[in-house]
Amino acid sequence: SVVTSEDFVWSEPDKVNFPPGPSTIDQLAVNPGTLNVASNGSFNCGFEVELTVYPDFNVNSINMSTVTCGNAHATDIKVNNAGKVIIKFDRQDLTGLQPGNSVPLTVHGSYTNGDNFSGTTNVKVINNN
């Protein structure tokens, strides 16, 4: 049977405005710890989000199209069960990284409200074919 109502009006759902996370990423970690810029595949950048400070933080508050690391653009973003934000990048998209034992690597991006965030860590970079 079909139910109808003259009072029901379909409208677009409200846009959810998730609160942004931190502006400075602390404890940024890269996995694997050694990046081979000559190899294919992906690498992950992870960082902790203090969920008690940002109780309504949602990974959808990150504007994925703005997130870069060494000029590589993010290909995936998720939050694991421990509250760690994991951002995936394609290794072959890294540019400007010179091999070394302690090379600074910075993640930049914006939240959907326009606020920016960034974080830097040092990683070992190699260029082995």
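Keep in mind the model is a prediction, meaning the values are calculated, not measured.
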Exercise for review: Please confirm whether the backbone N or O of S110 pairs with a side-chain atom of T66, one donor and one acceptor, at under 3.5 Å?
Suggested key: yes

In terms of heavy-atom contacts, T75 and M64 come closest through O-CE, 3.6 Å

Per side chain to side chain contact (heavy atoms under 4.5 Å, CB included), I87 is matched among T68, I77, D76, V59 by I77

Residues N80, V85; criterion side-chain contact (heavy atoms from CB on, under 4.5 Å); working and verdict | CA-CA 7 Å; N80 68 15; V85 177; over 6 Å; no

Margin query: For the residue pair T112 / N63, report whether a side-chain donor-acceptor contact shorter than 3.5 Å exists.
Written below: no

Here the pair of heavy atoms bringing S65 nearest to H73 is O-ND1, 4.1 Å

Steps toward side-chain contact (heavy atoms from CB on, under 4.5 Å) verdict (L35, V30): CA-CA 9 Å; L35 290 177; V30 176; 4.2 Å; yes

Correct closest heavy-atom pair for T120 and P104 would be CG2-CB, 4.1 Å

Of all heavy-atom pairs linking N36 and R91, the shortest is O-CD, 3.0 Å

TODO: Apply side-chain contact (heavy atoms from CB on, under 4.5 Å) to the pair I25 and F117, showing each step before the final yes or no.
DONE: CA-CA 7 Å; I25 299 171; F117 64 89; 3.4 Å; yes

Result for side chain to side chain contact (heavy atoms under 4.5 Å, CB included) between N71 and one of L97, T95, L94, D93 points to T95

| Close side-chain approach of V67 to V107, heavy-atom, < 4.5 Å | yes

Run L105 and N122 through side-chain contact (heavy atoms from CB on, under 4.5 Å) and show every step you take.
CA-CA 6 Å; L105 192 63; N122 289 323; over 6 Å; no

Minimal heavy-atom distance between G119 and L28, with the atoms involved, is O-CD2, 3.5 Å

Minimal heavy-atom distance between Y111 and P22, with the atoms involved, is OH-O, 2.6 Å

